[in-house]
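Read the numbers this way: they start at 1 and go in the same order the structure lists the ligands and their atoms. If you read the sequence from its start, that first residue is 1, and numbering goes on from there.
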Amino acid sequence: MSFIRTEDRDGVRVITLDNPPVNSLSFALSGELVPIVEAADKDESVKAVVFIGANGIFSAGADVNDFSTEPTPETRTIRDVIAAVERSNKIFVAAIQKNALGGGLELSLACDYRVATADTKVGLPEIKLGLLPGAGGTQRLPRLIGAQDALDMMLKGKNMKAADAKAKGILDEVVESPDALLDAALKLALRQAQGDTQKAQGDTQKAQGDTGSGKRRISKRKVELGKGITAQAAPFIVSQAHKMVPAEDAGGLAAHKLIDAVEAAFELPFEFGIAREARLFEELARSAPSFALRHVFFAERELAKIPSFEKLRMTDTPEIKKAGVIGAGTMGTGIAITFAQAGIPVHVIDSNADAVEKARQTVFGMFMYQVQKGRMTQEEAWKLGQSIQFTDDYNELADADVVIEAVFESMDVKKQVFAKLDGIVKPDGILASNTSTLDIDEMASVTKRADKFVGLHFFVPANIMPLLEIVRGKETSPQTLAIAFKLGKALRKTAVLSTNAFGFIGNRMVFDYAKAAGALAEEGISPMRIDGVAKKFGFPMGPFAMGDLSGIDVAWHIAKARPDVAKGRTDVIDRLVEMKRLGQKTMAGYFTYDKSVGKGREPIADPEIEALFAEEAKKHGIAPREVSDEEILQRLVFALINRGAYLLEEGVALRPGDIDIVYIFGYGFPPHHGGPMWYADEVGVKHVYDKVVEFGWEPAPLLKAIAEKNGTFAALKQGELVNA
Ligand code: NAD
């Protein structure tokens, strides 16, 4: 298979990268490209070389699979291609369309010039995979745009639009349309080639003029630090950067190594800097956080692969052109905003006029905030606001492609809503519920379209949280699920499939987590310490702060509705509800809150609550004991793992990776630990199982089975356990 095409145009060799869909710079492509670059260098008829991408894109970078492939002596990587460009005497121009990311940008930085289309984005996102740009990016970018800007760009891993990249000096020219790209690159290449020849002939005056200044390798430049910053400031910049990123063991390993690599760019000659960068890259490629982040990357890409209907393609399903939302409360409003932002007009119905008024204000405030932040113009905000229509007329929903119900968490109310919707919404319209805990099938039973009924479980705030659980009822058709996944994509959510089980995936697991936290507190450990251990592990907040945020009454209601699930949870929840300490919203829950401390969101320890836990413990004959931080963490995280194993076995979740995604995107599990199931593999499933038994919990049979084989969750074959 060939990944490269070449063609000579007026003495310029055009090298086209063609590795669909995104021209990833795989080992195979690099192996083919190195000799082609070397041949162009040797060919006297070639005045200059232009790199361009097929498939409407320059390149999205390395092939992530290659990071885990052991190279052989014959393996060629993008680094070898870049080294060949660096050695060559020709002029190189990168003609960039749409994306030059990671290795794609690094290849273009090795060129003398970069031309791009106006819709291009450039970036070095390696940090998101726990890596650093390992093909010269850390050495060339600081030389091109200054160390401070380069560090900022690489540490955030964010993409930059063409216009900004031109202003920064990353791009030399921007053309409006892709049709003009190759022409512009050829012209630039020829102009510069001419300048280069003149320069070689000593005609320096002309060479620096309009005719072009010839070769312009970034490697020959000195590192600039930033505007107005002197060389003496280098150590300061480096030490500041180290202080700004998380500690190495808290998800910051790649960031620190990246800063080390940039430091090498200041201190070492280019070739040595490159060698240092390569060593640091290899170290990261073999590090646990990077393996975990690469697992997350692949797990995300698997989510929509549903084993039982492989043939179904999202492209075959109809577009969602109009949506409806019932209930303009917290969730309904957030969902409506999400639709508007995705460009899908939405009608919102609520039975309470005050709720509608409040929702209107929330929508207005939200879009105005975006305007203030400079994220959209007033006109755009107005247009988006217009795409959310509040109404009390159900007939407006007759032609809706999907209607999402987000009324009170009451089966009776929801059934009434769906019975009504079923009679009004067009026959092929999808009906969906945002319920957190109720039975999807029971709701579907009041309609004549159970096949077009699905759960769409958003997380609060719905317009911000990236996770969406798609809940498959008994009769939900594959076509409906495909539409749901397509909708998830349109709404820019990360969608995970769950079956219709209590709490679905995420909330079912969080119950066990909260239970473990409560039990620890009853053993005399303060909620503040328990939360501290969770935060040290990398959660943005601990279990008690999370309980306060979602509302103690919410947990209480669930416990009342499902005593079987609530079994073993602390009675302190009932006491808090009696005391009207419902969490952040009442400025008191497990913790207290004070408007002057962290805007009322910062938990403040409350000895009264610790005493309450002690009282409850006494009632149940639980003696206080010394518990190490290690055990606290194990009891929190292993509770998640054990429940995750049950969910896999019961077919509620399809794959261990799906559970990991739910937990990372919905509950803040630290991505550098890869999610609970990945973490189980990391610490050893056998170890987790032994501890679960030691803690006196009922181990999931699957956990036991894997432990007995000394196996891993990652090794489970996709679909093997599933009734899909
Ligand atoms: P909420 O109380 O803020 O909003 C519910 C709204 O529904 C209210 O404005 C009410 O006036 C309206 N309503 C009630 N009956 C109605 C009817 N018959 N017709 C039209 N409107 C009606 O509740 P919420 O927090 O937005 O939750 C809504 C749903 O979303 C619930 O099922 C809940 O379990 C689920 N959910 C909530 C969260 C969360 O954290 N809040 C997260 C995920 C899912």
Winner among Gly329, Ala328, Ala355 once heavy atoms are compared against atom 4 (O) of ligand 1:
Gly329

Ligand 1 versus Phe458, non-hydrogen atoms closer than 4.0 Å: side chain, backbone, both, neither?
backbone

I want to know if ligand 1 touches Glu405 in the polar sense, i.e. an N/O pair below 3.5 angstrom.
no

Aromatic centroids of Phe364 and Tyr369 separated by under 6.0 Å:
no

Do Gly332 and ligand 1 have an N or O pair less than 3.5 Å apart?
no

Salt bridge check, Lys322 against Asp399: does any charged N sit closer than 4.0 Å to a carboxylate O?
yes

Within-cut-off N or O pair, Asn352 and ligand 1, under 3.5 Å:
no

Would you call Lys415-Asp412 a salt bridge at under 4.0 Å N-O?
no

Closest approach of any protein heavy atom to atom 34 (O) of ligand 1, naming residue and atom
Glu409 OE1, 2.8 Å

Return the residue, atom name and 0.1 Å-rounded distance of the protein heavy atom closest to atom 30 (O) of ligand 1.
Asn434 ND2, 2.9 Å

Is there a nitrogen or oxygen of Asp350 sitting under 3.5 Å from a nitrogen or oxygen of ligand 1?
yes

Determine, for Arg375 against Glu380, whether the closest basic-nitrogen to carboxylate-oxygen distance falls under 4.0 angstrom.
no

When rounded to the nearest 0.5 angstrom, what is the spacing between OG1 in Thr377 and NZ in Lys383?
9.0 Å

Any ion pair linking Lys585 and Asp553 (charged N to carboxylate O, less than 4.0 Å)?
yes

Which protein heavy atom lies closest to atom 37 (C) of ligand 1, and at what distance to 0.1 Å?
Met331 CG, 3.3 Å

Atom 44 (C) of ligand 1 [closest protein heavy-atom partner, distance rounded to 0.1 Å]
Ser436 OG, 3.1 Å

Name the closest protein heavy atom to atom 3 (O) of ligand 1, giving the residue it belongs to and the distance to 0.1 Å.
Thr330 N, 3.0 Å

So which protein heavy atom does atom 5 (C) of ligand 1 come closest to, and at what separation?
Ala406 O, 3.7 Å

Counting only heavy atoms, which portion of Lys414 has something under 4.0 Å from ligand 1: side chain, backbone, both, or neither?
side chain

I want to know if ligand 1 touches Ser351 in the polar sense, i.e. an N/O pair below 3.5 angstrom.
yes

